[in-house]
Amino acid sequence: MEVFLKDGREQFVLCHVVIQSSKGRGDLAERMFRYFYRIWDRYKVPITAIAILADESKCYRPVVYSQEFMGTSLRYDFNSYKILDQEESELRSNRNPFSVIVLTALLAIANKKVTDEGLKEIKHDLYDEMMKREMDMGTRQGLYDYH
């Protein structure tokens with residue numbers, strides 16, 4: 001994306017986002033680094049990276065990849081956002097439309113074994129949440145259809 005810096009200059013930056021819904025093989029940090037160097041090799045522009053952790057494990061929190069061999073070392077730090085760390089009440093009070101998406105993910109993690117009727121109630125609750133925020137119809141429909 002192109003952004004405008006505070007001094008008015010334009011800057012092209014790449015945002016690398018990975019959504020991880022399970023611990024998997026535990027190789028997320030290595031994959032984040034691999035994607036970083038491939039993006040850098042191709043575009044050579046500033047890159048910011050974030051792993052959105054949508055798994056059920058409170059302990060799984062990769063944020064760094066490192067390796068060392070015979071005096072040569074490498075460390076790659078990246079941002080992470082843990083869905084389970086979010087508070088439902090704060091998400092409900094946050095006016096940002098993306099908080100509805102995070103709230104949806106949080107409720108999905110917390111209600112893994114809910115019935116179809118329970119899922120329907122959650123979806124209606126989320127739609128009501130969007131109405132309370134006075135989101136325009138296009139935004140509501142986009143978010144609602146996304147779930």
Side-chain angles (χ1 to χ4, degrees), residues 1-116 118-123 125-127 129-130 132-133 135 138-147:
M1 74 177 99
E2 283 185 88
V3 296
F4 291 93
L5 304 176
K6 288 182 179 181
D7 65 8
R9 291 182 296 133
E10 278 185 273
Q11 175 73 51
F12 182 72
V13 297
L14 289 170
C15 299
H16 170 222
V17 179
V18 171
I19 301 172
Q20 180 87 8
S21 62
S22 67
K23 185 176 177 184
R25 297 186 309 262
D27 63 344
L28 177 63
E30 181 181 346
R31 284 188 293 117
M32 292 293 289
F33 172 67
R34 192 175 327 120
Y35 297 151
F36 171 83
Y37 76 69
R38 287 179 178 171
I39 293 167
W40 174 256
D41 191 44
R42 182 168 181 172
Y43 298 104
K44 301 223 180 356
V45 297
I47 303 164
T48 186
I50 184 167
I52 299 174
L53 304 172
D55 59 279
E56 297 178 49
S57 172
K58 290 190 180 268
C59 300
Y60 183 62
R61 296 173 180 277
V63 293
V64 65
Y65 172 74
S66 64
Q67 60 174 264
E68 186 175 340
F69 182 70
M70 296 180 64
T72 299
S73 64
L74 170 79
R75 180 182 171 103
Y76 172 66
D77 295 276
F78 54 93
N79 301 295
S80 71
Y81 180 85
K82 187 77 172 183
I83 299 287
L84 279 179
D85 289 346
Q86 310 316 304
E87 292 291 330
E88 182 178 343
S89 61
E90 289 179 22
L91 292 170
R92 288 185 184 278
S93 66
N94 189 326
R95 303 298 294 170
N96 187 319
F98 288 104
S99 65
V100 175
I101 294 171
V102 176
L103 178 60
T104 302
L106 180 64
L107 293 174
I109 294 167
N111 296 291
K112 279 257 186 227
K113 296 182 172 124
V114 72
T115 64
D116 285 345
L119 285 174
K120 182 179 171 185
E121 287 177 29
I122 290 169
K123 197 163 187 175
D125 176 50
L126 292 168
Y127 194 80
E129 190 68 42
M130 290 186 283
K132 280 194 299 190
R133 295 165 188 244
M135 291 181 179
T139 303
R140 285 193 322 263
Q141 197 63 47
L143 291 174
Y144 196 73
D145 288 346
Y146 175 75
H147 304 307

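Starting from 1, each residue takes its place in the sequence as its number.
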Within 6.0 angstrom of [X] [atom1], more than 12 heavy atoms from elsewhere:
X: Phe12; atom1: CZ; answer: yes
X: Lys44; atom1: NZ; answer: yes
X: Tyr81; atom1: OH; answer: yes

Nearest 0.5 Å, please: how far is [atom2] in [Y] from [atom1] in [X]?
X: Ile83; Y: Leu107; atom1: CD1; atom2: CG; result: 11.0 Å
X: Gln20; Y: Ser80; atom1: CD; atom2: OG; result: 11.5 Å
X: Ser66; Y: Asp77; atom1: OG; atom2: CG; result: 9.0 Å
X: Glu68; Y: Leu74; atom1: CD; atom2: CG; result: 10.5 Å
X: Ser99; Y: Glu88; atom1: OG; atom2: CD; result: 11.5 Å
X: Ile47; Y: Trp40; atom1: CD1; atom2: CH2; result: 6.5 Å

I'd like to check [X] versus [Y] (side-chain heavy atoms, cut-off strictly below 4.5 Å). Are they in contact?
X: Asn94; Y: Val102; answer: no
X: His16; Y: Phe36; answer: no
X: Gln67; Y: Glu30; answer: no
X: Ile50; Y: Cys15; answer: no
X: Thr48; Y: Val13; answer: no
X: Pro62; Y: Phe78; answer: yes
X: Glu87; Y: Leu106; answer: no
X: Arg42; Y: Leu14; answer: no

Taking the six-membered ring for Trp, are Phe33 and Tyr65 parallel (under 30°), tilted (30 to 60°) or perpendicular (over 60°)? parallel
Is any side-chain N of the basic residue among Asp55 and Lys82 closer than 4.0 Å to the acidic one's carboxylate O? yes
For the pair Gln86 and Leu103, evaluate side-chain contact (heavy atoms from CB on, under 4.5 Å) and give the outcome as yes or no after the intermediate values. CA-CA 8 Å; Gln86 310 316 304; Leu103 178 60; over 6 Å; no
